[in-house]
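Contents: one structure, followed by commentary.
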Amino acid sequence: MKASTGVLRLLWIAVPALLLTLLPAALVREEARQVRYEELAESVRGPYWLEHRLVYDGASTNVGWYAFLLVVYRLFGFGLTTAKWARVVLFCVSLLALSTLLHRWMRPLPATAALVAFAASPTLLFLNRLTTSYGTDLLFLVFCLLLLDSLWRRSQAPRSRGSPALAAALGAVSMLGAMTYPAFLPALPFLAGWLVAAAPARDRIRHAAAAATGFLLPLVAATFAVRNRATLLWDPVERAGVFRGGGVGWVADWSALRSNLDRVARDLFSGGASYYFELRSVEFGGWLGRAGFAAVLLLAAATAWKLRGTRAVLATAAGAALLAALATSAAAGPPGLRRVTLVIAAFYLALAVVWAARTRLTSRPWARAAIAGALVLLPLHHGVAFSDQLRQSRQAVWGRERVWFAVAPTPRRALDRWLEHVEAGHPLDCAGLDTPGRQTCRYDYIHAALAGARAWNGHPPIEIRAVDPRTREVVVLDPAAWLERPIPPVGSHRRYREP
């Protein structure tokens, strides 16, 4: 009897998570074939330079993401869509972890309902289509919450001394999340606080030390692995470094902060129009999405009012959302929801708490059914939004880097053409490409794509050369040489810019 119950529970945990993985898989399969500026920087140039133990500049320091993709490319080979499918797999593993966590606290049906709401999030699905690290903080946060819950459960056992190994794992995963995408950073103080609370009172110092050790290890390893570690930690030219990404500096006044917050609100409720977030059907858009949003907030407030044991978790969700919104919107650079995705995590944490507390909020069957109906509004909106996102994914989005990949009907065929070009001994030359509008021709992207395709697909390295637009001399492209003498982009209105 126990064996059959265990198998049934395992099926409840695994099957919905695996089925929900079909959502991002469908978007990747149906989307228009193109590559964009940030995607090339994050999924091609970053891993290729890390292969040479270098980072391109201080704004290109999401080394956790680069290392993950580098492992994927070495194991499975390289293609321009490989990183997209790697994200689908990461999405699946994160859903399995989340499903495990939810089933620890709820019965199967409400646990599955909460899982569906998170997995069908329009924001998460949109960002998961990109080969950048945008949105990966949501996936890593799930792993952290599962480890934190495991530590808490271990500590509740009689005479338990907790588990320093779990604390160290939590610290390491937290650092990896921050090094994959800096939007994870606002979650750190709350994870640290809950770590202290979850550890046995008589053994908190040991758990804190283990967590700190695990937290620092990935950063120390990355610092020693990268040869230009000064650029990794802080690049004075870009005014950025690890944990900063593209956030160079801070906004100067309240009006700029308010404008950034307004952009985030529009990305959530009206329509995505910020940097790399062009989603039409957004998280809480339309009357159904806004009704679902309001229902969750009202029910969360009622839950906190009535059930004292839920207040700490709900306060954590509110505090994390507020800190993420203010801290990331205060950073200079293009604002938008891609930086503030921790707000999404905080909202679905509150939704999960309401689902878990539903039967304790009221004993009346009709009231419980009404609560469930209100909580289902959001997944219904997500279903409508997914159908629109599927249609939108088939439409190409303009990108400045398309010059190298517009010479053939698809980026893959364009890459094959340039591979044949350099394998025949011909140099790359931006002068032969059209750069309309604001588009530029850059050698760093195409070189990383060509050299990486050969290295990760089992071919011997070859010398890839290019024509320097400043002197018209043919030079050999190499990451180490690039640091000494970078070749500037070539644009349509000015053939080159001095570095």
Pair Ser121-Glu283, side-chain donor/acceptor within less than 3.5 Å | yes
SB check Asp262 Arg258 (cutoff 4.0 Å) | no
Backbone N or O of Tyr275 within a donor-acceptor pair of the Glu38 side chain at under 3.5 Å?
-> no
For Arg263 and Pro335, work out which heavy atoms get closest and say how close.
-> CG-CG, 4.0 Å
Residues Ser281 and Asp388: side-chain donor-acceptor under 3.5 angstrom | yes
Cut-off 3.5 Å, side chains only: do Glu51 and Tyr73 have a donor facing an acceptor?
-> no
Within 45° of the ring axis of Trp355 and under 6.0 Å from its six-membered ring centre, is that where the NZ or CZ of Arg360 lies?
-> no
Can you tell me if Arg368 uses its side chain to pair, donor with acceptor, with the backbone of Thr362 under 3.5 Å?
-> yes
Asn62 (side chain) donor-acceptor with Trp65 (main chain) under 3.5 angstrom = no
Ala178 and Leu185: which non-hydrogen atoms are nearest, and at how many Å?
-> CB-CD2, 3.7 Å
State, yes or no, whether a side-chain contact exists between Phe118 and Leu95 at a heavy-atom distance under 4.5 Å.
-> yes
Can you see which heavy atom on Leu323 is nearest to which on Pro189, and at what distance?
-> CD2-CG, 4.1 Å
More than 12 heavy atoms from other groups under 6.0 Å of CZ on Arg308 = no
Within 45° of the ring axis of Tyr276 and under 6.0 Å from its six-membered ring centre, is that where the NZ or CZ of Arg36 lies?
-> yes
State whether a side-chain donor-acceptor pair under 3.5 Å links Thr328 with Arg338.
-> no
Verify, without hydrogens or angle tests, whether Asn128 (side chain) and Pro24 (backbone) share a donor-acceptor contact under 3.5 angstrom.
-> no
Between Cys144 and Val173, what is the shortest heavy-atom contact and its length?
-> SG-CG1, 3.7 Å
For the residue pair Phe347 and Phe293, is the inter-centroid distance of their aromatic rings smaller than 6.0 Å?
-> yes
Are Glu31 and Arg394 close enough for a salt bridge, meaning some N to O gap below 4.0 Å?
-> no
Inspect the surroundings of CZ in Arg107 and state if more than 12 heavy atoms from other residues, nucleotides or ligands are less than 6.0 Å away.
-> no
Backbone N/O of Ala331 and side chain of Arg339: donor-acceptor pair under 3.5 Å = yes
Are Glu30 and Lys84 within salt-bridge range, i.e. N to O under 4.0 Å?
-> no
Verify, without hydrogens or angle tests, whether His381 (side chain) and Gly286 (backbone) share a donor-acceptor contact under 3.5 angstrom.
-> no
With no hydrogens and no angle check, do the side chains of Glu39 and Thr132 hold a donor and an acceptor under 3.5 Å apart?
-> no
Derivation and outcome, side-chain contact (heavy atoms from CB on, under 4.5 Å), residues Phe386 and Leu27 = CA-CA 9 Å; Phe386 176 77; Leu27 291 171; 3.8 Å; yes
Aromatic centroids of Tyr445 and Tyr37 separated by under 6.0 Å | yes
Could you go step by step and tell me if Thr81 and Val28 meet the side-chain contact (heavy atoms from CB on, under 4.5 Å) rule?
-> CA-CA 9 Å; Thr81 60; Val28 171; 5.7 Å; no
Does any non-hydrogen side-chain atom of Leu188 lie less than 4.5 Å from one of Ser174?
-> yes
Can you tell me if Arg45 uses its side chain to pair, donor with acceptor, with the backbone of Ala449 under 3.5 Å?
-> no
When you measure from the side chain of Thr82 to the backbone N and O of Gly79, does any donor-acceptor pair fall under 3.5 Å?
-> yes
Aromatic ring proximity, centroids under 6.0 angstrom, Phe184 and Phe140 | no
